[in-house]
Asks: 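For reference, the structure I am asking about is given below.
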2 protein chains.
Amino acid sequence: MIGPPDVTDLPPDAKINEPRLRLLLAAESVFARKGFDGATVRDICDRAGMNIAAINYHFGDKERLYIETVRHAHSCSVADAGPALDHSGLPPAERLRAFIAGMLRNMDAPVRPESMQLLMRELSQPSPATISVVEDFIRPMAMGLFAILAELLPEMPDRQRLMVGFSVVGQCLYYRQNRTVSTLLFGAAAVDALTLDAVTEHITRFTFAALGLAGDYPSVVRREGAV
Amino acid sequence: MIGPPDVTDLPPDAKINEPRLRLLLAAESVFARKGFDGATVRDICDRAGMNIAAINYHFGDKERLYIETVRHAHSCSVADAGPALDHSGLPPAERLRAFIAGMLRNMDAPVRPESMQLLMRELSQPSPATISVVEDFIRPMAMGLFAILAELLPEMPDRQRLMVGFSVVGQCLYYRQNRTVSTLLFGAAAVDALTLDAVTEHITRFTFAALGLAGDYPSVVRREGAV
DNA sequence: GTCCGTTTCAAACACCTGTTGCAAACGATA
DNA sequence: TATCGTTTGCAACAGGTGTTTGAAACGGAC
């Protein structure tokens with residue numbers, strides 16, 4: 001009959017509710033690896049060093065724990081990606097370059113890998129928690145990209161500009177979403193050789209060449225010996 | 001003490017073992033929607049109109065049913081994609097164009113959508129069944145693409161050519177792997193407007209322009225009014 | 001019909017799941 | 001110290017899970 005503590009009006013950076021945080025972090029790890037159905041509350045509580053009843057007390061039930069875990073993971077990722085450099089003063093081509101580099105960097109070595117893993121799982125298999133992730137985490141990125149593209153390609157029809165954006169994002173996401181398959185196909189050595197810098201440079205050149213902006217950057221084929 | 005029937009030496013196209021096939025199809029549907037952990041053997045058997053014990057009798061246990069389901073789904077997809085046109089006589093640029101069109105077509109409207117759904121799930125979350133899927137289903141496609149690229153870009157270093165392949169495939173996969181998120185971001189109308197033909201033409205042009213093959217196809221930006 | 005291997009069925013099994021009650025322990029305040 | 005609200009721990013619950021059993025039903029072969 002005693003309700004779990006309301007977290008909405010707590011000082012956000014205080015270490016208050018540390019057990020709650022322990023649960024969230026443990027849940028993040030388990031959910032990221034096993035998914036919602038595969039994870040068990042006992043596993044989560046063991047990992048958090050707490051009792052089974054803690055989940056019921058702090059979150060009510062497993063589903064609300066999951067939603068809170070996803071929201072927490074996404075808010076951390078946003079916070080981590082937040083203090084990125086502000087490129088608002090640069091020309092659109094430079095901002096596109098920075099966008100590609102930033103997106104690849106965020107996905108390659110996120111501050112908290114398990115958060116990213118959970119978010120990617122959430123995006124590939126939408127759940128009730130997906131909408132808030134998309135709205136708060138993905139939409140700002142997407143709007144940023146399409147603001148750049150609108151400035152860069154002002155006369156292009158919206159539909160085509162959308163596909164250009166998808167081509168940029170699709171190239172970046174590939175390395176995150178299909179790394180396992182690529183490794184099975186070409187071996188760990190070949191895939192690991194594709195460092196963050198190499199991929200960043202490739203996607204940037206590929207995209208700029210496709211958009212006819214190769215004047216700013218050497219095209220892929222003209223400099224055959226390029227790395 | 002009576003073993004389940006050995007299927008390895010059966011005439012492949014006979015309707016023998018119809019109950020086994022019913023189970024496989026029902027399992028495919030359920031596994032595709034719920035995943036391995038989310039699916040229940042009772043749900044699968046109900047859908048197949050059979051008794052619970054049928055799974056144990058025909059496959060031994062749930063995990064072996066899953067593996068067989070994935071293998072069956074992938075073998076059907078291979079069979080469906082198999083009779084594609086043979087472009088071996090065409091120049092490499094034409095074959096690349098055909099590859100992009102074929103890959104998008106296969107993913108957009110597969111003969112058996114649930115098979116494709118199950119395969120995509122399998123690729124995003126590797127399981128013991130993933131390796132055989134990759135080897136039998138994905139590797140031939142990948143080898144086909146990189147044979148084309150080797151002919152098209154003979155002087156490009158292997159590592160860079162690998163990334164070019166990933167750029168092509170990444171653009172195509174995006175529409176399959178991230179359709180839900182795109183719809184949440186831009187609305188169903190905007191996403192549905194990206195027809196198979198429109199996406200095929202875009203990715204082809206984008207890729208050809210990036211590779212400096214724009215002479216064959218008008219670049220994206222030079223024809224501003226292009227669809 | 002009788003036999004035989006094969007397949008299906010209903011029922012139950014042992015186990016694990018998420019969830020809950022209740023008592024004990026905690027920590028600050030007076 | 002005593003008291004309060006808060007948090008944790010133990011044990012158990014009801015329900016669902018995958019799995020198995022043993023008997024019944026099927027379908028040909030003789």
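Here is the naming used below: chain letters follow the sequence lines, and residue numbers restart at 1 for every chain.
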Asks: Please determine whether a side-chain nitrogen of the Lys or Arg among B:Asp108 and B:Arg105 lies less than 4.0 Å from a carboxylate oxygen of the Asp or Glu.
Replies: no

Asks: Between atom OH in B:Tyr57 and atom C1' in D:dA23, what is the gap in whole Å?
Replies: 15 Å

Asks: Starting at CZ of B:Phe59 and ending at P of D:dT19, how long is that distance when rounded to a whole Å?
Replies: 13 Å

Asks: Report the distance from atom CG of B:Asp43 to atom C1' of D:dT19, rounded to the nearest whole Å.
Replies: 17 Å

Asks: Expressed in angstrom and rounded to an integer, what is the separation of B:Leu23 atom CG from D:dT19 atom C1'?
Replies: 15 Å

Asks: Listed by chain and number, what are the side chain to side chain donor-acceptor pair (under 3.5 Å) partners of A:Ser167, not counting sequence neighbours?
Replies: B:Gln171, B:His202

Asks: Tell me, for nucleotides 13-27 of chain C in 5' to 3' order, what letter each nucleotide earns: B for a base near a protein heavy atom under 4.0 Å, S for only sugar-phosphate near one, - for neither?
Replies: ----BBBBB------

Asks: For residues 179-194 of chain A, dump all side-chain donor-acceptor pairs below 3.5 Å to protein atoms at least two apart in sequence or in another chain.
Replies:
unit_1: A:Arg179; atom_1: NH2; unit_2: A:Asp192; atom_2: OD1; d: 3.2
unit_1: A:Ser182; atom_1: OG; unit_2: A:Tyr174; atom_2: OH; d: 2.9
unit_1: A:Ser182; atom_1: OG; unit_2: A:Asn178; atom_2: O; d: 2.8
unit_1: A:Thr183; atom_1: OG1; unit_2: A:Arg179; atom_2: O; d: 2.9

Asks: What salt bridge (Lys or Arg N to Asp or Glu O under 4.0 Å) pairs are there with at least one residue in residues 115-126 of chain B, not counting sequence neighbours?
Replies: none

Asks: Give every donor-acceptor pair under 3.5 Å between a side-chain atom in residues 30-55 of chain A and any protein atom, sequence neighbours left out.
Replies:
unit_1: A:Arg33; atom_1: NH2; unit_2: A:Ser29; atom_2: OG; d: 3.4
unit_1: A:Thr40; atom_1: OG1; unit_2: A:Asp43; atom_2: N; d: 3.1
unit_1: A:Asn51; atom_1: OD1; unit_2: A:Ala53; atom_2: N; d: 3.0

Asks: Mind checking what makes side chain to side chain donor-acceptor pair (under 3.5 Å) contact with B:Thr69, not counting sequence neighbours?
Replies: none

